[in-house]
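On a predicted model such as this, the values are computed, not experimentally measured, just so you know. Chain letters run A, B, ... following the sequence lines, proteins first, then strands; residues in each count from 1.
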Protein chains: 2
Amino acid sequence: MLSKKTQYAFHALIHLAERADQGPVLISEIAQEKNISIKFLENILLELKNAGMLGSKKGKGGGYYLLKPPKEIALAKIIRLLDGPIALLPCVSLNYYERCENCRDEAVCGLHEVMSKVRDASLKLLENKSLKDILTKNVPIPKLG
Amino acid sequence: MLSKKTQYAFHALIHLAERADQGPVLISEIAQEKNISIKFLENILLELKNAGMLGSKKGKGGGYYLLKPPKEIALAKIIRLLDGPIALLPCVSLNYYERCENCRDEAVCGLHEVMSKVRDASLKLLENKSLKDILTKNVPIPKLG
DNA sequence: TATTTAGTCTATAGTTTATATAGGTTTTAT
DNA sequence: ATAAAACCTATATAAACTATAGACTAAATA
């Protein structure tokens, strides 16, 4: 399962995507709309900002906003940023590979083979779907405030 | 990622499967062969026993053994037993469903839809592959001791 | 330009869950 | 009886999660 952090990040990013090009969005607005602890959300958005995914503006009229169009932000990228590996085992991770300490030879490990396939199947979806693809369907988004 | 517990369980079960019909296998043998802390492994095997997946025999000549043929133990079952949900989000889990607290309506949540597909893709593999399918390839298994 | 206000940024602390260890108890075979 | 093995309970350690307090920054306005 994805961590709470990543789950919240998804919902927050969806909210930001739905309000793209409408100027900075308040943390408090996202927190209220998505039912997330405002302070925890604060940390998450900051992490996303430091990773280059979000921009922010301080002071009155400030808030957070996407730095790229939603279409260009793959779901896989969000998961990797906050949760790390998408694979079920370290030894089949593309981006966070670690040698398996429990088997003598990965090349003949049957587990390795199956888990690689699971990873590929997941990645096929998560790499090709973007924030734009997961926006709330059939719902007009009013500007709050 | 799968928890350490589940990762260790997989390797232990593979070991047991490779020695099926050879009588009880010592915890210490598995621990040494798979490089797992013997005490942690003890807890894991006990949990698998209490869940009905393993049998055990106490005392001299004792150990653990599979209660069913490896072919009949699906990988998904092992994961669910120790790690819980296979899905990435609680709201798309088949066996551990929880309502999403962060979105107003699951029916129109785009995240829900994509994550359901990821779940299905993973399950297709994990439900259909068994312990038998992940045994070490091309390796004759000698009886130790 | 001083002040107020709205907001981000930083640090930290408490709580829970995951991982691991230690020691003692019970059962079984010989 | 003795030794070997699983079993049980308690505890220690580390990581993840949640929450809180206060510092800092930018904008608005008088």
Side-chain angles (χ1 to χ4, degrees), chain A residues 1-12 16 23-32 34-51 53-65 67 79 81-85 88 90 96 98 101-102 144-145, chain B residues 1-12 16 19 23-32 34-51 53-67 79 81-85 89-90 96 98 101-102 144-145:
Chain A
M1 287 244 294
L2 297 177
S3 67
K4 278 285 181 189
K5 202 170 172 179
T6 301
Q7 293 181 37
Y8 291 162
F10 268 117
H11 289 286
L16 288 176
V25 179
L26 297 187
I27 296 179
S28 55
E29 177 187 317
I30 304 172
Q32 188 183 343
K34 299 296 187 178
N35 195 31
I36 304 171
S37 148
I38 189 171
K39 281 298 188 177
F40 192 26
L41 182 57
E42 224 177 271
N43 293 337
I44 295 168
L45 294 178
L46 189 57
E47 197 169 339
L48 290 173
K49 185 206 160 186
N50 291 334
M53 183 171 288
L54 296 180
S56 71
K57 190 184 174 191
K58 285 188 183 178
K60 203 167 188 176
Y64 279 97
Y65 50 89
L67 284 176
I79 296 177
L81 205 59
L82 296 171
D83 252 26
L88 293 179
Y96 298 84
E98 282 175 43
E101 301 294 332
N102 308 118
L144 290 191
Chain B
M1 285 243 298
L2 297 177
S3 67
K4 278 285 182 187
K5 204 170 171 180
T6 301
Q7 292 180 38
Y8 290 162
F10 268 116
H11 289 285
L16 288 175
R19 279 167 179 68
V25 179
L26 297 186
I27 297 178
S28 58
E29 177 188 315
I30 303 172
Q32 188 183 345
K34 299 296 186 176
N35 195 32
I36 303 172
S37 148
I38 189 170
K39 281 298 188 177
F40 194 25
L41 182 57
E42 217 177 279
N43 294 336
I44 295 168
L45 294 178
L46 191 55
E47 197 169 339
L48 290 174
K49 184 205 161 189
N50 291 335
M53 183 171 287
L54 296 180
S56 70
K57 191 184 175 191
K58 284 187 182 179
K60 201 167 189 175
Y64 280 97
Y65 50 90
L66 291 178
L67 285 177
I79 294 177
L81 206 58
L82 297 171
D83 253 24
L89 300 176
Y96 298 84
E98 283 174 41
E101 302 294 332
N102 308 118
L144 291 192

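Between B/Y8 and C/dA20 there is a side-chain N or O to OP1 or OP2 distance below 4.0 Å. Close to C/dC9, at under 4.0 Å from its OP1 or OP2, lies a side-chain N or O of A/S56. Residue B/S37 places at least one side-chain N or O closer than 4.0 Å to OP1 or OP2 of C/dT21. The shortest distance between the side-chain N/O atoms of A/K49 and the OP1/OP2 oxygens of C/dC9 is below 4.0 Å.
To the nearest angstrom, C1' of C/dT17 lies 17 Å from NZ of B/K4. D/dA5 atom C1' lies 14 Å from atom OH of B/Y65, rounded to whole Å. Taking atom CE on B/M1 and atom C1' on C/dT17, their separation rounds to 16 Å, with Å as the unit. One atom, CG of A/N35, and another, P of D/dT18, lie 12 Å apart when rounded to the nearest Å. A straight line from CG of A/L54 to P of C/dG7 spans 17 Å, rounded to a whole angstrom. Protein atom CD1 of A/I38 is 13 Å distant from nucleotide atom P of C/dA6, rounded to whole Å. The interatomic distance linking A/E47 (CD) with C/dC9 (C1') rounds to 14 Å, in whole Å. As rounded to whole Å, 11 Å separates atom C1' of C/dT10 from atom CG of A/N50.
Within 4.0 Å of A/L46, counting heavy atoms only, lies at least one base atom of the nucleic acid. Using a 4.0 Å heavy-atom distance criterion, B/S28 is classed as making no nucleic acid contact. Residue B/L26 is in sugar-phosphate contact alone, with no base atom involved, counting any heavy-atom pair closer than 4.0 Å across all strands shown. Contact annotation for A/I27: backbone-only contact, meaning every heavy-atom pair under 4.0 Å involves sugar-phosphate atoms and none involves a base.
Residues A/I38 and A/I27 form a side-chain contact, since some pair of their non-hydrogen atoms from C-beta on lies under 4.5 Å apart.
Every ring-ring contact (aromatic ring centres under 6.0 Å, His included) that B/F40 has, sequence neighbours left out, goes to B/Y8. Taking B/L2 as the reference, A/L88, A/L89, A/M115, B/T6, B/Q7, B/F10, B/I79, B/D83 meet the side-chain contact (heavy atoms from CB on, under 4.5 Å) condition, with sequence neighbours excluded. Residues forming a side-chain contact (heavy atoms from CB on, under 4.5 Å) with B/K58 (at least two apart in sequence, or on another chain): none. Residues passing the side-chain contact (heavy atoms from CB on, under 4.5 Å) test with A/E47 are A/K5, A/L82, sequence neighbours excluded. For B/L81, the side-chain contact (heavy atoms from CB on, under 4.5 Å) test picks out B/L48, B/A51, B/M53, with sequence neighbours left out.
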Letter per nucleotide, 5' to 3', of nucleotides 22-30 of chain C [B base touched, S only sugar-phosphate touched, - untouched; heavy atoms, 4.0 Å]: BBB--BBS-

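Interatomic distance, A/K4 NZ to B/E101 CD, rounded to the nearest 0.5 Å: 7.0 Å.
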